[in-house]
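What follows is a single structure, written as structure tokens, with notes after it.
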2 protein chains.
Amino acid sequence: MLEDPSIQQRLLQATEHLVYAGGINATGMDAIVKASGVARKSIYRLYPTKEALVAAALRERDERWMQWFVAGTSAGSPSERLLAVFPLLRSWFSAPDFHGCAFINAAGEIGDPDSEIRAVALLHKQRLLAYLSELTTACGFAEAEEMARQFLLLIDGATAVAMVTGQADAADSAGRTAQLLLQSLSPSNGLNPPANLRCRHVVKY
Amino acid sequence: MLEDPSIQQRLLQATEHLVYAGGINATGMDAIVKASGVARKSIYRLYPTKEALVAAALRERDERWMQWFVAGTSAGSPSERLLAVFPLLRSWFSAPDFHGCAFINAAGEIGDPDSEIRAVALLHKQRLLAYLSELTTACGFAEAEEMARQFLLLIDGATAVAMVTGQADAADSAGRTAQLLLQSLSPSNGLNPPANLRCRHVVKY
DNA sequence: CCTTGCTGAGAACGATCATTCTCTATGGCC
DNA sequence: GGCCATAGAGAATGATCGTTCTCAGCAAGG
């Protein structure tokens, strides 16, 4: 009874790619139709407006990006997983089609604060923060929430700086700052509870 | 012999405001004409294309933003000035018309890497990094350049997170991370050269 | 068979886009 | 007073925007 998934998938993937590469407003429906091979009529049967289509494409990207991020930070102890974030980011920044965080770009382009697209961007950051919080909590830190927020700052800061300057080594500076965070707030320094409850569970994304 | 500055100033200020609030592509020339009160013919005599106009408006914003940033971080010792960054950011994030970093937003919206607008965004980040480097160098840190890059990450990360989530306290988390950076790399901990050459000079912006 | 609904291809719509043009002051300079 | 560049206001241009509509093909179900 569901719609043919291949059509929807082609449509969302082409939309995501075009919007990420060229921006939302600069991406016309003509380009989406041509790149996806999906007819206009079919697009507007699936999504009432371009905004809804772009929001759905960004939700799709959120899903895939989180899967990629979790898969790249799944090996080792919790602290090793936290530090694995930054080499992972570096490889992303070095990709030829890297153009920053799609959600920050989208939120920055959309003026209307009530737009559905802004809501998707917010949701993505909340999901990323929740995953980081899982990791810092698994490390046994007392202030795991605060630490997750600091990691989020480092990730988004490195992503933004890498986009504007084109220098992938922004991930390295962020990684060094993260290492400092882990060292200074390490559970083994006596200022925080011992790490007797590490690696409790892993969230699925 | 120069052009009447009031016209150019009205034009650039209206362009900057509209582009920052609503994005580049969503801002039409009609809106710029109406908001600035400058005639179309005069606009195209001053700037050959909309892209050049927006680039000039962003250059103007760069100038004013850096002046605001330097003025807000001019009191106290170098390390106090570095830490004053984050309450300053917090007040910015709390402003009703805050919409993130105009340069990150612009670079994220523009796909063409050779665009003049992208160059202005890059220049802004280079100028901000240079100023941060002045401050960290004045603190007497051995790796002042690296530290300035880390501060830039924190600033841009907090700005991006505050835009997407609307939470101004992203600046507080960034400030705590910065304090950690200053403490762990403090010149007084013996791992770095003593701070016998602090506060050498101040750059004008 | 006939109907029904989905698909692709593309025409058509009114609106808006960036850019150029016309027209009418206006204000300094000789 | 005459002159000329600049100013604002807005019409015109061709292109492109998001959205809707038409039409032919095709597959499934009665």
Side-chain angles (χ1 to χ4, degrees), chain A residues 1-58 105-106 109-112 114-118 120, chain B residues 1-58 105-106 109-112 114-118 120:
Chain A
M1 278 304 160
L2 291 174
E3 299 285 342
D4 182 356
S6 79
I7 286 180
Q8 198 148 348
Q9 202 161 332
R10 262 190 303 154
L11 175 60
L12 291 180
Q13 196 142 337
T15 303
E16 178 197 325
H17 179 261
L18 289 172
V19 163
Y20 180 65
I24 297 172
N25 287 301
T27 299
M29 279 302 210
D30 278 8
I32 294 176
V33 167
K34 195 172 298 183
S36 68
V38 177
R40 283 175 156 74
K41 189 132 192 179
S42 305
I43 297 178
Y44 280 97
R45 191 170 8 85
L46 293 170
Y47 303 100
T49 146
K50 181 191 174 187
E51 181 183 350
L53 168 64
V54 171
L58 286 177
N105 294 351
E109 182 172 355
I110 300 295
D112 177 18
D114 299 327
S115 165
E116 189 182 356
I117 294 172
R118 294 279 293 267
V120 176
Chain B
M1 275 307 159
L2 291 174
E3 298 287 340
D4 181 358
S6 79
I7 286 180
Q8 198 149 348
Q9 202 161 331
R10 261 189 303 155
L11 174 61
L12 291 180
Q13 196 143 338
T15 303
E16 179 198 324
H17 179 262
L18 289 172
V19 163
Y20 180 64
I24 297 173
N25 287 303
T27 299
M29 280 302 209
D30 278 8
I32 294 176
V33 166
K34 196 171 297 182
S36 67
V38 177
R40 282 177 157 74
K41 190 132 191 180
S42 305
I43 296 178
Y44 281 96
R45 190 169 8 86
L46 293 170
Y47 302 101
T49 124
K50 181 191 176 186
E51 181 183 350
L53 168 63
V54 171
L58 286 176
N105 294 350
E109 182 172 354
I110 300 295
D112 177 20
D114 298 328
S115 163
E116 188 182 356
I117 293 172
R118 295 279 294 264
V120 175

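Naming: A, B, ... by sequence-line order, numbering from 1 per chain.
Here the straight-line distance linking atom CD1 of A:Ile32 with atom CG of A:Leu18 works out to 6.0 Å at 0.5 Å rounding.
Nearest heavy atom pair, residue B:Ala52 against residue B:Tyr47, reads O-CD2, 4.1 Å. Of all the heavy atoms in A:Ser36 and A:Ala14, the pair that sits closest is CB-CB, 3.7 Å. Across B:Ile7 and B:Val38, no two heavy atoms sit closer than the pair O-CG2, 3.9 Å. The minimum heavy-atom distance linking B:Gly22 with B:Thr27 is given by the pair C-OG1, 4.4 Å. Nearest heavy-atom pair, A:Ala26 versus B:Asn25, reported as atom, atom and distance to 0.1 Å: CB-ND2, 3.9 Å.
Proximity of B:Arg45 to the phosphate of D:dA5: no side-chain N or O atom is located under 4.0 Å from OP1 or OP2. Within the structure, every side-chain polar atom (N or O) of A:Ser42 is placed at least 4.0 Å from both OP1 and OP2 of C:dC6. At the phosphate of C:dG8, OP1 or OP2 sits under 4.0 Å from a side-chain N or O atom of A:Arg10.
Backbone-only engagement by B:Val38 is indicated by non-hydrogen atom pairs under 4.0 Å involving sugar-phosphate atoms exclusively.
Taking atom CG of residue B:Leu46 and atom C1' of nucleotide D:dA5, one finds them 13 Å apart after rounding to whole Å. Taking atom NZ of A:Lys41 as the reference point, atom P of C:dA9 lies 16 Å away to the nearest angstrom. What separates NZ of B:Lys34 from C1' of D:dG10 is a distance of 12 Å, to the nearest Å. Rounded to whole Å, atom C1' of C:dT7 lies 14 Å from atom CD of A:Gln8. Here the P atom of nucleotide D:dC17 and the CD1 atom of A:Ile32 are 10 Å apart, to the nearest Å. Look at CD on A:Glu51: it is 9 Å from P on D:dT19, rounded to the nearest Å.
In this structure A:Glu16 satisfies the salt bridge (Lys or Arg N to Asp or Glu O under 4.0 Å) test together with A:Arg61, A:Arg64, sequence neighbours excluded.
For the strand DNA chain C, secondary-structure stems (runs of at least three Watson-Crick or G-U pairs, all distances below 3.5 Å) span C:1-23 with D:8-30, C:25-28 with D:3-6.
Just one of B:Ile117, B:Leu53, B:Leu12, B:Thr15 meets the side-chain contact (heavy atoms from CB on, under 4.5 Å) condition when paired with B:Leu58; it is B:Ile117.
Taking 4.5 Å as the limit, every side-chain heavy atom of B:Glu109 sits out of range of all side-chain heavy atoms of B:Asn105.
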Shorter than 3.5 Å, N or O on both sides, protein versus nucleotides 16-18 of chain C: list them out with atom names.
from: C:dA18; atom 1: OP1; to: B:Thr27; atom 2: O; distance (Å): 3.4
from: C:dA18; atom 1: OP1; to: B:Lys50; atom 2: NZ; distance (Å): 2.4
from: C:dA18; atom 1: OP2; to: B:Met29; atom 2: N; distance (Å): 2.7

